[in-house]
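Along the sequence shown, the residues carry numbers beginning at 1.
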Amino acid sequence: MRPARRDAHPKSHGCVRAEFRVEADLPERLAHGVFVPGAAYSAWIRFSNGNGDATRPDIRGDARGMAIKLTGVPGEKLLPSERDATTQDFILISNPTFFADDPARYATLIERGTSKNPLVAASAPLALGWKGMMIARKMVAKKISSPLETRYWSTVPFSLGSGPDRQAVKYSARPCTPETAPIPTKPGPDYLREAMARTLAAGDACFDFLVQPRAGAWMSVEDSRIEWTELDAPFVKVATITIPRQVFSTPAQDAFGEHLSFTPWHALPEHRPLGGMNRVRRDVYEAVSALRHELNGAERREPSGDELFPSPLPPQRRQLP
Ligand code: HEM
């Protein structure tokens with residue numbers, strides 16, 4: 001059935017254009033890959049709900065997604081099929097930990113969860129074990145007032161650097177301003193998109209993009225159910241994401257966002273995904289994106305960053321210096 005949507009995170013609140021500006025005085029140990037001190041990239045960011053049902057009202061608790069795609073990134077990328085792409089993706093959700101520590105558990109969860117037998121479907125969370133179930137419960141209980149006022153984490157780690165001094169890091173994006181908008185008393189089914197539209201019609205939004213270097217052997221690279229606590233492994237700001245004032249909710253821009261493909265493997269070798277979960281994501285994301293595009297009869301191509309969509313607002317500053 002057209003349009004074929006994403007298997008996970010099918011409901012988009014909007015795909016917005018943004019600027020990702022790296023700190024000018026970045027410590028040398030963090031200056032790898034796209035983190036070139038003072039560099040600026042134009043970016044696309046897709047905000048989403050995690051649940052597989054794209055018609056589910058936003059007021060139901062859920063894991064929210066923030067998928068960031070930097071454009072104009074030079075250098076050979078990790079995916080053999082997209083070596084020459086000029087994009088770097090960072091994929092984040094609204095929880096610091098993930099509920100599955102190994103791909104087999106995740107696969108069982110999806111298999112049982114999509115079963116037509118209600119008893120099998122109801123038993124799906126058991127696949128996660130006690131710890132995973134507790135994380136999933138917390139994750140999907142979360143209600144938010146706006147995707148622009150929510151914090152996001154990568155949950156799984158990535159390499160930073162590719163030489164002998166490379167280190168494992170996690171990422172996070174934190175709104176520059178604390179949550180201010182209340183959850184509406186009578187929220188419409190798509191109130192998160194409406195909140196984003198209101199904020200961005202009035203002015204810019206912004207996030208600090210943070211890197212958390214691993215600070216001890218107990219901080220597991222394989223088990224993303226274990227939180228790397230901030231107290232033990234502080235986050236360091238490496239960039240500012242500015243989402244300029246804009247009207248994003250047009251049919252053309254919505255369609256553009258739906259046809260984007262995000263994967264942690266759209267990456268420079270300096271940002272290589274780590275751990276078993278990430279290894280599985282390499283093939284899964286590529287395969288389901290290829291199928292989705294085929295079913296939709298859409299071209300599958302990484303964006304250049306020069307895409308333009310007519311906006312009723314006057315154009316603002318050009319994103320890159
Ligand atoms: C083995 C583990 C995982 C599997 C099999 C998996 C699977 C998927 C699939 C099939 C999609 C849809 C892709 C598309 O249609 O183009 C997706 C999207 C997504 N996943 Fe995962 N996922 C995994 C782990 C994670 C983790 C650890 C995170 C945490 C950040 C995450 C966050 C997201 C987000 C935010 C999206 C939406 C991206 C967008 O806006 O296009 N996933 N995932």
Side-chain angles (χ1 to χ4, degrees), residues 6-9 48-52 60-68 89-115 120-144 147 150-160 166-174 209-236 262-265 267 271-285 288:
R6 287 162 172 79
D7 291 66
H9 295 263
S48 60
N49 280 349
N51 193 278
R60 304 272 302 273
D62 205 348
R64 321 291 168 166
M66 177 183 189
I68 305 166
D89 295 356
F90 297 110
I91 304 179
L92 316 173
I93 53 167
S94 55
N95 202 60
T97 49
F98 199 65
F99 48 75
D101 60 329
D102 82 290
R105 275 187 199 275
Y106 190 81
T108 313
L109 174 81
I110 303 295
E111 217 171 276
R112 288 192 195 165
T114 50
S115 167
V120 176
S123 75
L126 298 177
L128 298 175
W130 178 252
K131 190 168 183 176
M133 270 198 308
M134 289 299 106
I135 295 172
R137 241 181 91 174
K138 187 179 145 221
M139 252 165 88
V140 301
K142 196 158 185 182
K143 297 180 198 288
I144 60 169
T150 300
R151 184 166 173 188
Y152 303 85
W153 292 262
S154 66
T155 73
V156 285
F158 295 80
S159 176
L160 182 58
R166 67 186 179 276
Q167 52 191 323
V169 301
K170 292 190 181 184
Y171 303 120
S172 179
R174 183 178 58 201
F209 190 80
L210 315 167
V211 156
Q212 182 186 37
R214 183 174 183 239
W218 67 267
M219 295 184 184
S220 179
V221 166
E222 289 296 332
D223 189 348
S224 43
R225 298 171 311 170
I226 297 173
E227 184 172 359
W228 296 5
T229 40
E230 292 209 47
L231 210 58
D232 300 303
F235 280 92
V236 184
F262 290 91
T263 160
W265 292 86
H271 302 293
R272 175 177 284 276
L274 297 177
M277 294 292 283
N278 264 333
R279 278 192 293 280
V280 166
R281 290 169 92 190
R282 178 175 45 201
D283 296 339
V284 172
Y285 281 56
V288 296

- Tested for side-chain contact (heavy atoms from CB on, under 4.5 Å) against Val288, the lone hit among Asp7, Asp283, Thr263 is Asp7
- Compare all side-chain heavy atoms of Met66 with those of Thr150 and state whether any distance is below 4.5 angstrom. no
- Checking Lys170 against Trp228: charged group under 6.0 Å from the ring centre and within 45 degrees of the axis? yes
- Heavy-atom pair of closest approach, residues His9 and Ser48: ND1-OG, 2.9 Å
- Please name the pair of heavy atoms, one in Met277 and one in Ser224, separated by the smallest distance, quoted to 0.1 Å. CG-OG, 4.5 Å
- Considering non-hydrogen atoms only, spot the tightest contact between Leu109 and Ala124 and give its length. CD1-O, 3.5 Å
- Do Arg174 and Leu210 have side chains that get closer than 4.5 Å, going by heavy atoms? yes
- Query: How far apart are the closest heavy atoms of Arg225 and Thr97, and which atoms are they?
  - Reply: O-CG2, 3.5 Å
- Query: Is the side chain of Gln212 donor-acceptor paired with the backbone N or O of Val169 at a distance under 3.5 Å, no angle test?
  - Reply: no
- Evaluation steps, side chain to side chain contact (heavy atoms under 4.5 Å, CB included), between Arg214 and Val221: CA-CA 9 Å; Arg214 183 174 183 239; Val221 166; 3.7 Å; yes
- Does Leu160 reach the side chain of Arg166, with side-chain heavy atoms less than 4.5 Å apart? no
- Query: Do the non-hydrogen side-chain atoms of Arg151 and Ser172 ever get within less than 4.5 Å of each other?
  - Reply: yes
- Item | Which residues share a side chain to side chain contact (heavy atoms under 4.5 Å, CB included) with Ala121, sequence neighbours left out | none
- Item | Partner set under ring-ring contact (aromatic ring centres under 6.0 Å, His included) for Tyr171, not counting sequence neighbours | Phe90, Phe158, Phe209
- Quick one: CD1 on Ile91 to CG on Asn278, what's the gap to the nearest 0.5 Å? 9.0 Å
- Answer whether the closest heavy-atom distance between the side chains of Asp62 and Met139 falls below 4.5 Å. no
- Message: Among Asp101, Asn95, Val140, Leu128, exactly one meets side-chain contact (heavy atoms from CB on, under 4.5 Å) together with Ile135. Which residue is that?
- Response: Asn95
- Sidechain-backbone polar pair: Ser220 side chain, Glu222 backbone, donor-acceptor under 3.5 Å: yes
- Would Val280 and Tyr106 count as a side chain to side chain contact (heavy atoms under 4.5 Å, CB included) if you check the C-alpha gap in whole Å, the side-chain angles of each, and the deciding distance to 0.1 Å? CA-CA 10 Å; Val280 166; Tyr106 190 81; over 6 Å; no
- Message: What I'd like to find out is whether the side chain of Asp89 reaches to under 4.5 Å of the side chain of His271, using heavy atoms alone.
- Response: no
- Do the side chains of Phe99 and Met133 get nearer than 4.5 Å, heavy atoms only? no
- Atom of Ala127, atom of Arg112 and distance for their closest heavy-atom approach: N-NH1, 3.8 Å
- Arg64 side, atom CZ; Ile144 side, atom CD1 - distance, nearest 0.5 Å: 4.5 Å
- Within a strict 4.5 Å, meaning less than it, do heavy atoms of the Val284 and Arg281 side chains meet? no
- Query: Going by atom types alone, do Asn51 and Arg60 pair a side-chain donor with an acceptor below 3.5 Å?
  - Reply: no
- Query: Atom CZ of Arg105 and atom CG of Leu126: how far apart are they, to the nearest 0.5 Å?
  - Reply: 11.0 Å
- Task: Might you confirm whether atom CH2 of Trp130 has over 12 heavy atoms from other residues, nucleotides or ligands at distances under 6.0 Å?
- Result: no
- Item | Exercise: identify the closest heavy-atom pair between Phe262 and Arg6 | CD1-NH2, 4.2 Å
